[in-house]
Amino acid sequence: MLSFEQSGAGTGDGVSTAAEAVDSTGVQPLWFAQIDGPEFTCEGVDTRFGGVFVAPRETVLGIRLWRDVYEGVEAVGDAQVHWSIYEIEKIVRMMLHQSPLALEILSSGAAVERFASSRFQPRRVVEAAVTSDILTALVDDADGFLTSPEASSSRRVAIRGLRRVLMGLALAEGVVATRLDDLLEWRGSEELADAAATGEADAISTCGRELLEDLRAVDAPALPESPADYDGLDDLVVDMRMATSRRPDDPSKGGDR
């Protein structure tokens with residue numbers, strides 16, 4: 001059993017901007033949450049939101065092309081707000097392929113309440129799909145940040161790499177956390193917390209690369225080698241789609257929540 005240690009976040013102007021953008025698609029998400037931003041990582045990081053929707057059964061069974069993801073970038077003052085919403089089958093497959101992005105979306109503790117549905121429990125998807133292979137994906141992500149030319153000069157890039165490493169180390173022990181403050185508290189190292197809070201990019205990236213070697217070598221007994229409930233995920237996708245219709249006379253009305 002995984003432990004989800006995810007606190008909420010003050011989303012400020014970003015949440016209304018992202019929600020308005022999602023509304024403009026005409027799609028009603030079952031889940032929509034903040035997954036990155038200054039509160040999650042550090043100042044200067046763009047705010048990101050991710051979510052899940054269900055395509056009506058007539059759409060999936062029909063012959064017309066349909067979209068399984070909607071995404072965009074909105075301006076809020078000098079900052080940017082990135083958002084994306086994925087059809088339920090797509091994000092379940094992403095999680096089965098051990099996508100760090102899917103993990104962030106489905107485990108976030110910063111949900112936009114008006115888009116949250118009692119019909120969908122995102123963390124159950126994580127528990128059913130996650131395997132030890134996700135650590136390899138996090139190693140690759142972290143390595144990309146920490147070995148990039150920007151890592152020695154951009155504190156934002158170095159911090160994002162460090163965050164990915166800490167996510168992997170926490171997951172290896174069965175702890176799901178994606179916010180940097182939660183991860184630093186979990187790690188319990190004042191030296192590391194001080195470096196993240198006040199250190200220069202080069203020092204942070206050096207620390208991140210050292211921890212990355214620990215992650216490469218870690219044993220992860222808390223994570224299974226294969227998905228814990230593949231059949232349950234299959235049932236979830238079928239049940240959610242069968243309950244969703246685009247026909248106005250259907251009781252589910254495509255968005256009955």
Side-chain angles (χ1 to χ4, degrees), residues 1-22 27-42 45-54 69-74 76 79-88 90-130 134 137-138 141-142 159-160 162-171 174-186 233 236 240 257:
M1 181 68 70
L2 297 174
S3 172
F4 290 84
E5 298 188 7
Q6 301 282 69
S7 55
T11 53
D13 295 335
V15 63
S16 58
T17 299
E20 288 174 7
V22 170
V27 173
Q28 179 69 24
L30 294 171
W31 176 254
F32 193 62
Q34 185 178 0
I35 58 174
D36 204 356
E39 306 92 335
F40 278 69
T41 307
C42 68
V45 172
D46 289 340
T47 298
R48 295 188 298 137
F49 291 82
V52 182
F53 73 98
V54 180
V69 60
Y70 294 82
E71 55 191 346
V73 181
E74 317 300 327
V76 179
Q80 290 187 324
V81 174
H82 302 247
W83 60 273
S84 55
I85 51 174
Y86 297 89
E87 209 278 329
I88 190 167
K90 185 175 184 69
I91 201 160
V92 167
R93 290 190 184 278
M94 288 167 63
M95 194 62 244
L96 285 167
H97 283 91
Q98 309 309 306
S99 161
L101 174 59
L103 175 72
E104 288 181 312
I105 292 172
L106 295 168
S107 65
S108 174
V112 178
E113 289 301 324
R114 75 180 180 89
F115 288 133
S117 169
S118 60
R119 294 170 55 209
F120 180 64
Q121 302 298 317
R123 293 179 177 181
R124 292 183 183 176
V125 177
V126 176
E127 291 183 319
V130 74
I134 198 165
L138 288 166
D141 269 11
I159 284 283
R160 292 188 76 169
L162 175 63
R163 176 181 171 224
R164 275 290 196 262
V165 175
L166 292 174
M167 283 172 59
L169 291 171
L171 263 175
V175 176
V176 182
T178 60
R179 283 178 51 131
L180 184 63
D181 53 358
D182 290 337
L183 289 162
L184 291 172
E185 183 176 349
W186 165 81
L233 292 172
L236 170 68
M240 296 296 288
R257 302 166 63 77

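For the numbers below, each heavy atom of this structure counts, side chains included, while hydrogens, waters and symmetry mates do not.
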Separation of [Y] [atom2] from [X] [atom1] (nearest 0.5 Å):
X	Y	atom1	atom2	answer
Cys42	Asp181	SG	CG	12.0 Å
Met1	Phe4	CE	CZ	9.0 Å
Ser84	Ile91	OG	CD1	7.5 Å
Thr178	Leu106	OG1	CG	11.0 Å
Leu138	Arg163	CG	CZ	10.5 Å

Quick one: closest heavy-atom pair of [X] and [Y], and the distance?
X	Y	value
Ala111	Ala33	CA-CB, 3.8 Å
Pro38	Val45	CD-O, 3.4 Å
Ala170	Leu183	CB-CD2, 4.0 Å
Phe40	Ile35	CD2-O, 3.5 Å
Val165	Ala142	CG2-CB, 3.5 Å
Leu180	Leu166	CD1-CD1, 4.2 Å

Are the side chain of [X] and the backbone of [Y] linked by a donor-acceptor contact shorter than 3.5 Å?
X	Y	result
Trp31	Ile105	yes
Ser108	Gln34	yes
Gln98	Leu103	no
Gln121	Arg119	no

Going by heavy atoms in the side chains, are [X] and [Y] under 4.5 Å from each other?
X	Y	answer
Ile88	Leu236	yes
Arg160	Asp36	yes
Val22	Pro29	yes
Val125	Leu233	yes
Met240	Leu30	yes
Asp182	Glu5	no

**OP:** Could you label the plane-to-plane angle of the Phe49 and Phe32 rings as parallel, tilted or perpendicular, counting under 30° as parallel and over 60° as perpendicular?
**Re:**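 Plane angle under 30°, so parallel.
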**OP:** May I ask you to decide whether Glu87 forms a salt bridge with Arg93, counting only side-chain N to carboxylate O separations under 4.0 Å?
**Re:**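 Looking at Glu87 and Arg93, the cut-off is not met.
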Subject >> Contacts of Phe53 that satisfy ring pair (Phe, Tyr, Trp, His ring centres under 6.0 Å) - sequence neighbours left out >> reply: Tyr70
